[in-house]
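Here the structure is laid out as structure tokens; the discussion comes afterwards.
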Amino acid sequence: MATSEFPAQKDGSKAVLQETTVVVFVLGGPGSGKGTQCPKIVEHFGFRHLCAGDLLQAEIESESENGTMIQNFKKEGKIVPSEITVKLLQQAMQQSDNKRFIIDGFSRNEENRAAFENIVRIKPEFVLFFDCPEEELTKRILNRNQGRVDDNIETIGKRLKVYFESTLPVINYYNSKGKVQKIDAQRSIEEVFEDVKSVFAKLRPVARVGSTK
Ligand SMILES: Nc1ncnc2c1ncn2[C@@H]1O[C@H](COP(=O)(O)OP(=O)(O)OP(=O)(O)O)[C@@H](O)[C@H]1O
Ligand SMILES: O=c1ccn([C@@H]2O[C@H](COP(=O)(O)O)[C@@H](O)[C@H]2O)c(=O)[nH]1
Ligand SMILES: [Mg+2]
């Protein structure tokens, strides 16, 4: 079986990533419902949920060497350089027993996409795209009330601009490869999940069982 290798581990060994690893990128504007739907996918289909934004937030909270820089990027709604985000995703994938991942909020731009495919050496099975109008996104974020530093009207404007200018082209890229599953995300949480279920139900059976760690 063909495999690709992650970089050397602390103990000198190499984590081998097998062809059977399945990656799904979950994309959509800020507030489109990625973080709401992903736990439901975990519950029903046994994927491991990796949220790029949460991995970056953990770096901020652990006061790592890049924490302050990441916090500043987040406050400005800017995309953190790929070398940081891809490394965090790669580590989380290596540490997981589960080899089926939904990666929430990634790839944010072309640089992210190329870095992931070149370094991790996996192409996503498909991209789950939550399509939602701008006014609804803004309304949802302003009502979210989770204390996020970027959930304010000024940063929302910046995040939406970055989404339209940098993330939509990634979605368009995968669409040109026939890899986008578009969901109308403006409906209720339950209605949206009905469509999400239909998409995942079509995956080969091996992708529907197993650990969520
Ligand atoms: N279908 C829906 N209808 C109404 N509200 C929703 C729906 N889906 C999610 N929400 C609400 O909208 C807000 C944003 O949802 P969520 O955090 O899942 O978005 P997100 O795509 O992860 O956003 P971000 O990119 O900013 O992390 C939350 O308060 C959530 O409860
Ligand atoms: O791949 C990523 C994911 C996130 N960011 C930064 O984090 C914030 C919040 O991300 P959410 O997915 O909305 O939780 C985002 O605006 C970026 O600043 C990133 O740089 N790269
Ligand atoms: Mg989210």
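Every number for a ligand or one of its atoms is a count from 1 in the order of the listing. From a predicted model like this one, the values you see are computed outputs, not experimental measurements.
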Would you please test Asp195 and Ser198 for side-chain hydrogen bond (donor to acceptor under 3.5 Å, both in side chains) and show each step? CA-CA 5 Å; Asp195 280 5; Ser198 311; 4.9 Å; no
Is a side-chain N or O of Glu76 found less than 3.5 angstrom from the main chain of Phe73, in a donor-acceptor match?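 Not a single qualifying donor-acceptor pair exists.
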Test your reading of the model: is there a side-chain donor-acceptor pair from Asn109 to the backbone of Val170, 3.5 Å cut-off?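 Side chain of Asn109 to backbone of Val170, a donor-acceptor pair under 3.5 Å: no, none is there.
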Could you tell me if any non-hydrogen atom of Gly28 lies under 4.0 Å from any atom of ligand 1? no
Taking only non-hydrogen atoms of Asn143, do any sit less than 4.0 angstrom from ligand 1? no
Establish, for the pair Lys40 and Phe193, whether the NZ or CZ atom is under 6.0 angstrom from the six-membered ring centre and no further than 45 degrees off its axis. yes
Does the Lys NZ or Arg CZ of Arg48 fall within the cation-pi geometry relative to Phe101 - under 6.0 Å from the ring centre and within 45° of the axis?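 That pair does not qualify as a cation-pi contact.
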[X] neighbourhood, listing ligand 1 atoms whose heavy-atom distance to it stays under 4.0 Å:
X      : value
Ser188 : 1 (N)
Gly35  : 18 (O), 20 (P), 22 (O)
Gly31  : 14 (C), 19 (O), 20 (P), 21 (O), 23 (O), 24 (P), 25 (O), 26 (O)

Salt bridge or not for Arg121 and Glu117, using N-O below 4.0 Å? no
Examine the proximity of ligand 1 to Arg159 and report which part, side chain or backbone, both or neither, has a heavy atom under 4.0 Å away.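 The answer is the side chain of Arg159.
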Check Glu191 against ligand 1 and report side chain, backbone, both or neither, counting heavy atoms closer than 4.0 Å.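 The answer is neither; Glu191 stays 4.0 Å or more away.
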Just wondering, are more than 12 heavy atoms of other shown residues or ligands nearer than 6.0 Å to [atom1] in [X]?
X      : atom1 : result
Lys158 : NZ    : yes
Lys197 : NZ    : yes
Lys87  : NZ    : no

Answer yes if the ring centres of Phe126 and Phe25 are under 6.0 angstrom apart, and no otherwise. no
Tell me which protein heavy atom sits closest to [atom], plus the residue, atom name and distance to 0.1 Å.
atom                    : result
atom 25 (O) of ligand 1 : Lys34 NZ, 2.8 Å
atom 28 (C) of ligand 1 : Arg144 CD, 4.0 Å
atom 9 (C) of ligand 1  : Thr36 OG1, 3.3 Å
atom 19 (O) of ligand 1 : Gly33 N, 3.3 Å

With respect to Ile102, which candidate in Leu128, Val23, Val42, Leu50 satisfies the side chain to side chain contact (heavy atoms under 4.5 Å, CB included) definition? Val42
Might you list the protein residues in contact with ligand 2, defined as having a heavy atom under 4.0 Å from one of its atoms, sorted by chain and number?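 The 4.0 Å shell around ligand 2 contains Ala52, Gly53, Leu56, Phe73, Lys74, Lys78, Ile79, Val80, Thr85, Gly105, Phe106, Arg108, Arg148, Asp150, Arg159.
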Option nearest atom 27 (O) of ligand 1 (shortest heavy-atom distance, choices Arg187, Arg148, Arg108, Arg140): Arg148
For ligand 1, find out whether one of its N or O atoms is nearer than 3.5 Å to an N or O atom of Pro30.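 Looking only at distances, the answer is no, because the N/O contact criterion of under 3.5 Å is not met.
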Do Leu137 and Val162 sit in one hydrophobic cluster, given that two such residues count as connected whenever their side-chain heavy atoms are within less than 4.5 Å of each other, even indirectly?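 Leu137 and Val162: separate clusters.
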